[in-house]
There are 2 protein chains.
Amino acid sequence: MLTDQTEEAPSSALVDENVQVESFRQTRNSRRNELVEDYVELIADLITDGGEARQVDIVRRLGVAQPTVAKMLKRLASDGYIKQRPYRGIFLTAQGRKLARQSRERHQIVESFLCALGISAETARIDAEGMEHYASEETLLVFRDYLANRK
Amino acid sequence: MLTDQTEEAPSSALVDENVQVESFRQTRNSRRNELVEDYVELIADLITDGGEARQVDIVRRLGVAQPTVAKMLKRLASDGYIKQRPYRGIFLTAQGRKLARQSRERHQIVESFLCALGISAETARIDAEGMEHYASEETLLVFRDYLANRK
DNA sequence: GTTTTAACATAGCTATTGCTATATTATAGA
DNA sequence: TCTATAATATAGCAATAGCTATGTTAAAAC
Ligand SMILES: [Mn+2]
Ligand SMILES: [Mn+2]
Ligand SMILES: [Mn+2]
Ligand SMILES: [Mn+2]
């Protein structure tokens, strides 16, 4: 009579230890890729929109200091996501384009889903910017279905 | 005739610069609180469930090395979230209890919402563990409404 | 063709979050 | 009570992500 546990998350009891460890592990892993994803996604958007992505454009869009971006771009280059040509802009490698495409798609799905739920465009933008990096394939599929099946 | 922009996120055009900067700023800010929130939430859960939260319990639940937890607990103590009594466990301050309650509630809403959408319990757990930290009040309200208004 | 300026590079600092190795100590068992 | 063990503390290292200050240089302006 009081048991209403269909499709419900547990309300306060501790979950199984191994399950929880695995959740935290995966979350730490996703967190480690957040910045890289946002950078390549932004670079791709800048190129799509204006034909080029210079360091200074990224600085303006991210709202961080220029040396912060410079350092990150070095890392992205050494990790094989981009090629830099000073004063000529940043170029994505094949690997970079692939990650950018995936990131952009995930971002778009999450943001559109939040909008479809009735959340304001500004809030959807902000929340999606963080949440996108933690949405699994299974979740993205459900979001996509939701978007497709509303009238 | 081709304009179908109701409740839709833009598909690839760059958003306004100031809007984007603000999104990234807020996201960076949320990210800075992720770990603190997970720690106090976990400590509260351990206390609720077993009466005590020792360092070694947190180590086991998070899946990180013991000195990592020891260092973080020092920070939580110096930030006023907890009191430590070695071999006696971790105790939440009023400030810690407040943050724990808020974090636990957000976590629960996000996880229940994902479950309600039909996402599997395991995936919902994992995704919620990351997404919870980026869900705004507005979004939580919509999630809550969705949970309340489904038959 | 100079000169100014804006873009980029580099040095050096801090804080955060992880790790391994090792020391210390409180509790539990014999 | 003594001792073994498990819990905690500490030292020291690395990677990441931010900052300010300052140097260098390519492009623009004159
Ligand atoms: Mn993004
Ligand atoms: Mn993002
Ligand atoms: Mn949580
Ligand atoms: Mn979490």
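Each chain gets a letter, A, B and so on, in the order its sequence line appears, and its residues count up from 1.
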For residues B:Tyr134 and A:Tyr134, establish whether the separation of their ring centroids is below 6.0 Å.
yes
Are A:Arg125 and B:Glu22 within salt-bridge range, i.e. N to O under 4.0 Å?
no
Integer-rounded Å distance: D:dG18 P and B:Asn29 CG
12 Å
Within the structure, does a side-chain N or O atom of A:Arg31 lie under 4.0 Å from either OP1 or OP2 of C:dG18?
yes
Rounding to a whole Å, what distance do you find between A:Arg85:CZ and D:dA27:P?
11 Å
Atom pair distance, as rounded to whole Å: CD in B:Glu52 and C1' in D:dA6
14 Å
Test side-chain contact (heavy atoms from CB on, under 4.5 Å), reference B:Arg54, set B:Arg88, B:Arg85, B:Gln84, B:Arg60, output is B:Arg60
Reading nucleotides 19-30 of chain C from 5' to 3' and marking B where a protein heavy atom lies under 4.0 Å of the base, S where only the sugar-phosphate is that close, and - otherwise, the string is BBB---BSS---
For residues A:His107 and A:Asp38, is any side-chain donor paired with an opposing acceptor at under 3.5 Å?
no
Check the angle between the aromatic planes of B:Phe113 and B:Tyr146 and answer parallel, tilted or perpendicular using the 30° and 60° thresholds.
perpendicular
Listing, residues 61-70 of chain B side-chain donor-acceptor contacts under 3.5 Å, not counting sequence neighbours, or none:
residue : atom : partner : partner atom : Å
B:Arg61 : NH1  : A:Val15 : O            : 2.5
B:Arg61 : NH1  : A:Gln20 : OE1          : 2.8
B:Gln66 : NE2  : B:Gln55 : OE1          : 3.0

Contact list please: residues 32-43 of chain B against DNA chain D, heavy atoms, distance less than 4.0 Å, in numerical order.
none
Measure the distance from CG on B:Leu73 to P on C:dT16 and round it to the nearest whole Å.
15 Å
Whole-Å distance, B:Met72 CE to D:dA9 C1', equals 18 Å
Could you tell me whether the phosphate oxygens of D:dA6, OP1 or OP2, come under 4.0 Å of any side-chain nitrogen or oxygen in B:Gln55?
no
Quick one: A:Leu62 CG to D:dA17 P, roughly how many Å, whole number?
12 Å
Salt bridge or not between A:Arg101 and A:Glu105? Use side-chain N to carboxylate O under 4.0 Å.
no
Between B:Ser30 and B:Thr27, do the side chains contain an N or O donor and an N or O acceptor separated by less than 3.5 Å?
no
Compute whether any side-chain donor of one residue and acceptor of the other, for B:Ser103 and B:Glu132, lie under 3.5 angstrom apart.
no
Atom CZ of A:Arg75 and atom P of C:dT10 are separated, to the nearest Å, by 18 Å
Length of the CZ-P vector between A:Arg54 and D:dA26, whole Å:
16 Å
